[in-house]
Peer 1: 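Quick one: the structure is below, questions incoming.
Each chain gets a letter, A, B and so on, in the order the sequences are listed, and its residues count up from 1. This one's a predicted model, so the numbers in the text were calculated from it and none came from an experiment.
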Amino acid sequence: MSDQPPATPSAVHDWNLDPTAAVQLQKALRERIALTPLAKSVRLIGGADISFNMYSDIFHAAIVVLDYRSMEVVDSAYFTQTVTFPYIPGLLSFREIPTLLRAWEKLEQKPDVVMVDGHGIAHPRRMGIATHFGLVTGVPTLGCAKKILTGKYREPGTERGEASPILDGHETIGYALRSKRNVKPIFVSPGHLLDLEGALEIARHCVLKHKLPEPTRLAHLMVNDYRRSANAG
DNA sequence: GCGACAG
DNA sequence: ATCTTGTCGC
């Protein structure tokens, strides 16, 4: 029996790199980013997040899967391991993705799109964690961050759902989205196999009663519960 | 050279 | 990212 080729070529590579090599890899991988409209309609959406104790290098990853229409959790997977890559702005993916991938492998139901806590192409080299995760797994992704990393934006209107583009020069790389009235915006950008408009549409759809959209909000809550239970016993 | 800097 | 209670505002 031979393996079936993946629907989308995945970017498999070594993760044991130093920061300089990581930046070079990002510059090569960015050539493979596809900001195309979503190929199929979304039935399931994933939320990905990492949690760890302060000063600890033991990471806990969670990927939760939600039904896109009801926003109810239908599956989830976790993984825990020691991480050595340091936190360097712009290289977050090299620190967090290895653990996320192990959780991803454990999922029984793979979602149609994954929302990652962090940026997609709203990154100096367009290689935020959401983009990198999409390139490696071949799954469509978008990034949803609480703080901006690069680019400039005009404050969006104060009403829920209003958005304004994040610009890097004249290029739009994402949106500042007012997910709740009179609350600081969140930052949405496509990762891979998704376009700017699609990312914004999905993010808006996933915002229910909180500032953060359900996929990453629940992934955050669940991975924290998971970590605390690991701390306890 | 200086300031900024996802999680 | 993580440690934390109350508190102010819609």
Side-chain angles (χ1 to χ4, degrees), chain A residues 15 19 22-23 26 30 33 47-63 78-101 103 114-135 141-153 157-162 166-169 173-192 199 203 207 209-213 215-232:
Chain A
W15 291 95
V23 169
Q26 289 184 323
R30 78 177 285 179
I33 301 169
D49 194 23
I50 289 286
S51 179
F52 55 90
N53 293 314
M54 196 169 13
Y55 309 131
S56 172
D57 53 3
I58 297 175
F59 276 32
H60 303 275
I63 297 187
Y78 304 86
F79 195 81
T80 299
Q81 69 177 4
T82 297
V83 167
T84 56
F85 199 94
Y87 171 66
I88 299 172
L91 298 180
L92 179 67
S93 64
F94 292 90
R95 181 168 166 78
E96 300 195 343
I97 286 185
T99 314
L100 286 175
L101 283 178
V114 176
M115 178 183 287
V116 183
D117 187 7
H119 292 98
I121 62 168
H123 176 284
R125 292 170 294 280
R126 308 293 178 267
M127 280 294 297
I129 186 171
T131 301
H132 201 160
F133 187 82
L135 285 168
T141 57
L142 71 154
C144 192
K146 296 174 287 299
K147 293 187 292 186
I148 195 159
L149 172 63
T150 193
K152 301 182 184 305
Y153 67 98
T158 59
E159 287 303 306
R160 176 187 194 290
E162 298 204 77
I166 300 173
L167 302 172
D168 186 347
I173 57 176
Y175 294 98
L177 171 64
R178 189 81 66 184
S179 53
K180 261 178 79 77
R181 193 177 188 175
N182 295 329
V183 171
K184 286 296 190 181
I186 58 178
F187 304 91
V188 179
S189 60
H192 183 48
V207 172
K209 306 178 61 179
H210 304 267
K211 167 177 176 174
L212 298 181
T216 46
R217 188 182 77 84
L218 292 177
H220 188 260
L221 290 176
M222 293 169 72
V223 76
N224 273 327
D225 282 349
Y226 184 79
R227 173 178 54 82
R228 288 165 183 146
S229 66
N231 288 338

Peer 1: Over all strands shown, is H132(A) touching base, sugar-phosphate only, or nothing at heavy-atom distances under 4.0 angstrom?
Peer 2: nothing

Peer 1: Does the side chain of L92(A) reach to within under 4.5 Å of the side chain of Y87(A), using non-hydrogen atoms?
Peer 2: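 Yes, their side chains come closer than 4.5 Å.
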
Peer 1: State whether N53(A) places a side-chain N or O below 4.0 Å from either non-bridging phosphate oxygen (OP1 or OP2) of dA1(C).
Peer 2: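 Answer is no, no contact under 4.0 Å.
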
Peer 1: I'd like to know if the side chain of N224(A) pairs up with that of S51(A) as donor and acceptor (distance under 3.5 Å, no hydrogens or angles considered).
Peer 2: yes

Peer 1: Do the side chains of K152(A) and D168(A) get close enough for a salt bridge, i.e. N-O under 4.0 angstrom?
Peer 2: no

Peer 1: Under 3.5 Å, is there a donor-acceptor pair between the S189(A) and H119(A) side chains?
Peer 2: no

Peer 1: Both atom distances under 3.5 Å, Watson-Crick or G-U wobble: I'd like the secondary structure of DNA chain B as a dot-bracket string, with | for pairs made across strands.
Peer 2: .......

Peer 1: May I ask you to verify if any side-chain N or O of R160(A) is less than 4.0 angstrom from the OP1 or OP2 atom of dC10(C)?
Peer 2: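 So the side chain of R160(A) is outside the cut-off, no N or O lying under 4.0 Å from OP1 or OP2 of dC10(C).
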
Peer 1: Select from V223(A) and N182(A) the residue whose nearest nucleotide in DNA chain C is closer to the 5' end of that strand.
Peer 2: V223(A)

Peer 1: Which heavy atom in R178(A) sits nearest to a heavy atom in P185(A), and how many Å separate them?
Peer 2: NH1-CD, 3.7 Å

Peer 1: For T131(A) and H192(A), run side-chain hydrogen bond (donor to acceptor under 3.5 Å, both in side chains): C-alpha distance rounded to whole Å, both residues' side-chain angles, the deciding distance at 0.1 Å, then the answer.
Peer 2: CA-CA 5 Å; T131(A) 301; H192(A) 183 48; over 6 Å; no

Peer 1: For a 4.5 angstrom cut-off between non-hydrogen side-chain atoms, does I148(A) reach I166(A)?
Peer 2: yes

Peer 1: Could you write nucleotides 2-7 of chain B as a row of B, S and -, 5' to 3', where a protein heavy atom under 4.0 Å of any base atom gives B, of only sugar-phosphate atoms gives S, and otherwise -?
Peer 2: ---BBB

Peer 1: Identify whether any heavy atom of T150(A) sits under 4.0 Å from a base atom; if not, whether one sits that close to sugar-phosphate; answer base, sugar-phosphate or nothing.
Peer 2: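 The answer is nothing, as T150(A) stays clear of every strand by at least 4.0 Å.
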
Peer 1: Once you measure the plane-to-plane angle for H60(A) and Y226(A), does it fall in the parallel (<30°), tilted (30-60°) or perpendicular (>60°) bin?
Peer 2: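 If you compare the ring of H60(A) with that of Y226(A), the planes turn out perpendicular.
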
Peer 1: With pairs defined as Watson-Crick or G-U wobble and both distances under 3.5 angstrom, please note down DNA chain C as a dot-bracket string, | for pairing with another strand.
Peer 2: ..........

Peer 1: Counting neighbours of CG on L167(A) that are heavy atoms of other residues, nucleotides or ligands and sit closer than 6.0 Å, is the number greater than 12?
Peer 2: yes

Peer 1: Minimum heavy-atom separation for T216(A) to A48(A), with atom names?
Peer 2: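 The pair with the smallest heavy-atom distance is CG2-O, 4.3 Å.
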
